[in-house]
Undergrad: 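Here's a structure for you.
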There are 2 protein chains.
Amino acid sequence: MGKVDYNLLWGEAARAGRGRPPGLSRERIVAEAVAIADAEGLQKVSMKHLAERLGSGVMSLYRHVPGKDELVVLMYDSLMAGPLPLPEADHWRDVLRHWGLGVRDLFIAHPWALTVATSERTMGPGEAGWVDAVLGRLSAVGLPAELGLIAVLTVDCFALGAVRPEIGSAGGDTDFFQFLADPAARARFPDLARLVAPGSASGASMEDYFEFGLDRVLDGLERFIESRH
Amino acid sequence: MGKVDYNLLWGEAARAGRGRPPGLSRERIVAEAVAIADAEGLQKVSMKHLAERLGSGVMSLYRHVPGKDELVVLMYDSLMAGPLPLPEADHWRDVLRHWGLGVRDLFIAHPWALTVATSERTMGPGEAGWVDAVLGRLSAVGLPAELGLIAVLTVDCFALGAVRPEIGSAGGDTDFFQFLADPAARARFPDLARLVAPGSASGASMEDYFEFGLDRVLDGLERFIESRH
DNA sequence: GCTAATTAGCGTACCTCATACGCCAAATTG
DNA sequence: CAATTTGGCGTATGAGGTACGCTAATTAGC
């Protein structure tokens with residue numbers, strides 16, 4: 001929600017010298033919060049609930065995390081610090097395709113993360129390293145740095161936008177295209193209805209659509225990159 | 001946050017016959033909430049604040065809106081019910097390009113909307129009509145319906161993802177790439193640093209980047225569509 | 001070992017916010 | 001002018017975030 005201190009993400013971790021040794025740690029808190037969000041949703045991540053899980057008092061958390069908003073930001077950046085979807089491919093297009101699908105998998109595995117990603121925020125070290133790793137790989141397979149950067153951002157933007165209708169549909173709780181179940185709505189928006197028609201569950205076809213769009217984006221990038229050679 | 005009733009968005013508005021005439025209306029409430037969110041941010045939209053603006057009691061709002069979550073959904077859908085960025089172009093590519101830029105403008109004008117767009121939700125009538133209008137225009141300029149649908153969704157997905165770094169940068173409060181102000185960070189992520197380098201403010205270059213990516217997406221769609229003729 | 005300094009854990013109190021409930025007011029229908 | 005219906009809203013409740021300050025545990029210096 002509110003503003004989050006830049007130093008929270010990028011600042012040095014002040015080392016502890018003397019004094020009482022910590023039982024909690026920022027890492028443990030963030031990891032547990034992510035576990036709760038994955039299992040029960042982001043709105044179930046309350047300081048109270050989190051403290052119970054960790055077997056500590058509520059206010060103890062504030063020794064390691066400035067507040068709730070900051071915790072959410074840390075949760076998000078911790079995702080990006082994990083393993084990267086980088087294949088052993090030797091063509092930039094394969095690298096980017098694999099990476100785009102990996103981004104999709106990440107946001108489907110952590111549905112709460114998409115909301116965080118699209119909130120007003122600052123890029124953290126995890127995310128920066130994430131992007132940096134892909135740029136490095138693209139560079140290794142011969143794509144010039146300036147082309148790699150725009151290619152990665154384009155694919156990333158598409159993936160972020162395109163994964164949206166898939167989230168929620170998976171759980172079955174909230175279907176993004178629920179209104180199309182009504183025949184009257186299908187009659188009013190016949191073109192939209194076609195999207196969901198093939199596999200009535202709508203979940204399966206969305207994945208196909210994601211790949212289709214991704215391939216179109218890669219086509220567009222390919223045309224541009226080839227014109228530069 | 002929570003689940004929102006499907007009927008809230010798509011249900012018929014029950015007409016009032018007798019009884020006390022309403023002083024408030026759902027439309028007024030939603031419009032005022034949007035005004036607050038635009039001016040002060042979504043987190044400042046509280047039932048209390050909203051009621052003060054409307055000169056009514058807090059609980060009066062609940063006669064017209066089931067709750068806060070539902071209000072936010074209605075706010076979002078009301079944006080989509082507004083005027084559409086549809087040009088008088090006679091080529092599908094121009095239509096989609098103009099539309100993509102219009103989507104970008106919309107989310108920059110209403111920064112809070114992006115978070116709502118990417119939350120778990122159901123498509124409402126405003127948004128469905130929005131998509132439907134573009135499909136109709138594309139159809140009118142000769143693009144087959146099935147191609148129009150995937151083209152619109154692809155462009156929409158890209159626009160949604162790509163506008164993200166621009167939000168917040170505009171206000172100057174929270175810069176998405178704030179960490180690149182630090183020379184050490186620029187040294188660590190030189191490729192990323194290049195993105196912001198040209199216009200040090202980073203805002204101007206992001207718009208150029210949006211258009212670049214959009215054109216790549218359109219290129220990819222063009223290749224696919226031409227291969228179908 | 002003793003004391004001072006330092007840092008962690010956490011109970012209490014407070015504030016904000018959404019909202020269930022119920023009463024009253026204002027209009028229509030007969 | 002009742003009876004009915006619908007809207008406005010005050011009060012109370014409960015959840016959630018967090019400022020404050022006390023206590024506990026540990027180390028550094030003596």
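The chains referred to below are lettered A, B, ... by the order of the sequence lines, with proteins before strands, and numbering in each begins at 1.
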Undergrad: Could you tell me which residues satisfy side-chain hydrogen bond (donor to acceptor under 3.5 Å, both in side chains) with A:H98, sequence neighbours excluded, listed by chain and number?
TA: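 Testing A:H98 for side-chain hydrogen bond (donor to acceptor under 3.5 Å, both in side chains), a comparison that skips the adjacent residues, returns none.
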Undergrad: Tell me, for nucleotides 22-30 of chain D in 5' to 3' order, what letter each nucleotide earns: B for a base near a protein heavy atom under 4.0 Å, S for only sugar-phosphate near one, - for neither?
TA: --BBBSS--
Undergrad: Can you name the residues that form a side-chain contact (heavy atoms from CB on, under 4.5 Å) with B:R20, not counting sequence neighbours?
TA: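 For B:R20 there are no side-chain contact (heavy atoms from CB on, under 4.5 Å) partners, ignoring immediate neighbours.
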Undergrad: Taking side-chain hydrogen bond (donor to acceptor under 3.5 Å, both in side chains) as the definition, give me every residue that meets it alongside B:W99, ordered by chain and number, with sequence neighbours left out.
TA: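 Listed in chain order: nothing, the list is empty.
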Undergrad: Please list all pairs passing the salt bridge (Lys or Arg N to Asp or Glu O under 4.0 Å) test where one or both residues lie in residues 101-116 of chain A, with sequence neighbours left out.
TA: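 Qualifying pairs, neighbours excluded: A:R104-A:E166, A:R104-A:E207.
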Undergrad: Could you list the donor-acceptor pairs under 3.5 angstrom formed by side chains in residues 51-67 of chain A, with sequence neighbours left out?
TA:
from: A:R53; atom 1: NH1; to: A:E32; atom 2: OE2; distance (Å): 3.3
from: A:R53; atom 1: NH2; to: A:E40; atom 2: OE2; distance (Å): 2.5
from: A:S60; atom 1: OG; to: A:G57; atom 2: O; distance (Å): 3.4

Undergrad: Counting N and O atoms only, with roles assigned by atom type, does the side chain of B:K44 sit under 3.5 Å from a partner on the main chain of B:H49, one being a donor and the other an acceptor?
TA: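 Not a single qualifying donor-acceptor pair exists.
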Undergrad: Suppose we screen for salt bridge (charged side-chain N to carboxylate O under 4.0 Å, His left out). Which residues come up paired with A:D156, at least two apart in sequence or across chains?
TA: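 Partners of A:D156 by the salt bridge (charged side-chain N to carboxylate O under 4.0 Å, His left out) criterion, ordered by chain and then number, come out as B:R164.
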Undergrad: For DNA chain D, what residues of residues 23-36 of chain B have any heavy atom nearer than 4.0 Å?
TA: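 Going residue by residue through residues 23-36 of chain B, the ones with a heavy atom under 4.0 Å of DNA chain D turn out to be B:G23, B:L24.
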Undergrad: My understanding is that only residues two or more places apart in sequence, or in another chain, count here; which of them pass side-chain contact (heavy atoms from CB on, under 4.5 Å) with B:A133?
TA: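 B:A133 satisfies side-chain contact (heavy atoms from CB on, under 4.5 Å) with B:L84, B:L86 only.
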Undergrad: What one-letter contact string describes nucleotides 11-20 of chain D from 5' to 3', where B marks a base within less than 4.0 Å of any protein heavy atom, S marks contact via sugar-phosphate atoms alone, and - marks no contact?
TA: B-----SBBB
Undergrad: Under 4.0 Å between a side-chain N/O of B:H49 and OP1 or OP2 of C:dC17, yes or no?
TA: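 No.
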Undergrad: For A:H64 and C:dG9, give me the distance from atom NE2 to atom C1', rounded to whole Å.
TA: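 So the two atoms are 8 Å apart, to the nearest Å.
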Undergrad: So, using salt bridge (charged side-chain N to carboxylate O under 4.0 Å, His left out) as the criterion, who are the partners of B:R137 when residues are at least two apart?
TA: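 Checked B:R137 against salt bridge (charged side-chain N to carboxylate O under 4.0 Å, His left out); zero matches.
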Undergrad: Rounded to whole Å, how long is the line connecting atom CG of B:L54 with atom C1' of D:dG8?
TA: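 From B:L54 CG to D:dG8 C1': 13 Å.
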Undergrad: Respond yes when some side-chain nitrogen or oxygen of B:S60 is under 4.0 Å from OP1 or OP2 of D:dC9, and no when none is.
TA: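 Affirmative; the distance criterion is met.
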Undergrad: Listing request: all side chain to side chain donor-acceptor pair (under 3.5 Å) pairs with a residue in residues 72-87 of chain A, at least two apart in sequence or in separate chains.
TA: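 Those involving residues 72-87 of chain A do not exist here.
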